[in-house]
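Structure, as structure tokens:
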Amino acid sequence: PKVKLETKAGSYATYENKAESDGQIGGFDYYAMARYFDSAGYRNNNDIVAKDFGLKLGHEFCDRLNAKLNLGYHKDSYGLAGPLNDNQLNALGPKATVFPLDDADSLNYYGNLKIENDFEDAGKLATDISMAVRQVKSNYMSSFPWQTDNYIKTFGFTPRYILSGSLKEHGNKLTLGFDYYDAQDHIKDGQPNTENNVVIISKKSYGLYAFDQFDILEDLVFSAGYRF
């Protein structure tokens with residue numbers, strides 16, 4: 001296994017610590033990452049703190065079947081310095097803020113599983129199954145108190161079949177695929193400590209597509225596709 005440690009520092013009390021490792025354990029290829037970032041920012045109420053974690057795993061079950069798993073996590077909190085008009089900029093300077101109590105935080109995590117089947121001359125089948133969640137909370141407390149909370153959840157299923165070969169002594173690659181996504185955005189906003197407005201937006205999408213690449217010459221490729 002390989003391990004890499006990295007530390008950075010800069011202006012405005014900015015620093016970053018990052019650790020990475022990759023290698024093989026018990027037949028699995030892996031990559032792991034952890035990161036911490038902190039900065040006071042150039043302006044007042046412009047600070048940010050962020051944490052990231054990531055993990056990638058891969059395993060070849062046999063010559064014709066392998067799988068890869070990708071997991072990620074991100075969390076941050078930050079100040080919302082907001083804009084300054086010309087009078088405020090001249091009177092207070094570029095580092096000032098008139099929104100000292102506004103802030104936000106976000107949370108993201110996701111997973112993706114990719115399964116690849118190799119049928120040799122009969123082509124390849126690659127299937128991705130993914131899930132992602134994002135939550136953002138914003139607090140506007142400097143003037144008229146207001147809070148907004150977004151919770152977004154997305155599921156994806158995207159198999160595709162790839163056939164590479166030759167057609168009349170010319171290289172040809174055909175891709176056939178299907179996409180399915182299901183997303184929901186749960187939005188809540190209003191004044192603190194009151195019954196907030198709630199809006200839920202849901203969307204499902206389906207798609208079938210075909211894409212072909214035909215090698216007319218060594219440096220000339222004709223591509224055509226259709227999606228519906």
Side-chain heavy atoms nearer than 4.5 Å, only ILVMFWY residues, links allowed to pass through others: does that put Phe53 and Leu107 together?
yes

Do Tyr226 and Phe228 have their ring centres less than 6.0 Å from each other?
yes

Please evaluate residues Glu120 and Arg64 with respect to the criterion salt bridge (charged side-chain N to carboxylate O under 4.0 Å, His left out), reporting the C-alpha separation (whole Å), side-chain torsions for both, the decisive distance (0.1 Å), and the verdict.
CA-CA 8 Å; Glu120 298 182 343; Arg64 296 190 178 188; 3.2 Å; yes

Please report the interatomic distance OG1(Thr127) to CG(Leu113), rounded to the nearest 0.5 Å.
9.0 Å

Non-hydrogen atoms of Tyr42 and Pro94 that approach each other most closely
OH-CG, 3.7 Å

Transitively linked via ILVMFWY side-chain contacts under 4.5 Å: Ile115 with Phe61?
yes

Centroid separation under 6.0 Å, is that true for the rings of Tyr180 and Tyr206?
yes

Indicate yes or no: at least one non-hydrogen side-chain atom of Ser223 is less than 4.5 angstrom from one of Phe211.
yes

Donor-acceptor pair, side chain of Asp29 and main chain of Gln24, under 3.5 angstrom:
no

Side-chain heavy atoms nearer than 4.5 Å, only ILVMFWY residues, links allowed to pass through others: does that put Tyr78 and Tyr140 together?
yes

Looking at Tyr73 versus Tyr109, is the centre-to-centre ring distance below 6.0 Å?
no

Show the numbers, then the answer: is there a side chain to side chain contact (heavy atoms under 4.5 Å, CB included) between Tyr151 and Arg134?
CA-CA 6 Å; Tyr151 182 84; Arg134 174 174 173 80; over 6 Å; no

Specify the closest pair of heavy atoms between Asn66 and Glu60, including all atoms of both residues, with the distance to one decimal.
CB-CA, 3.9 Å

Does a side-chain heavy-atom distance below 4.5 Å link Gln147 with Met141?
yes

Would you check if Met33 and Asp52 make a side-chain contact, meaning some heavy-atom pair closer than 4.5 Å?
yes

Student check: side-chain heavy atoms of Asp215 and Phe222 closer than 4.5 Å
no

Check whether any side-chain N or O of His170 sits under 3.5 Å from a backbone N or O of Ile216 as a donor-acceptor pair, and report yes or no.
yes

Taking atom CZ of Phe28 and atom CG of Leu69, what is their separation to the nearest 0.5 Å?
9.5 Å

Please find the pair of heavy atoms, one from Ile201 and one from Ile187, that lie closest to each other, and give the distance.
CD1-CD1, 4.0 Å

Do Ser106 and Asp76 have a side chain donor and acceptor closer than 3.5 Å?
yes

Taking a hydrophobic cluster as the set of Ile, Leu, Val, Met, Phe, Trp and Tyr residues connected by side-chain heavy atoms closer than 4.5 Å, whether directly or through intermediates, do Leu217 and Phe214 fall within one such cluster?
yes

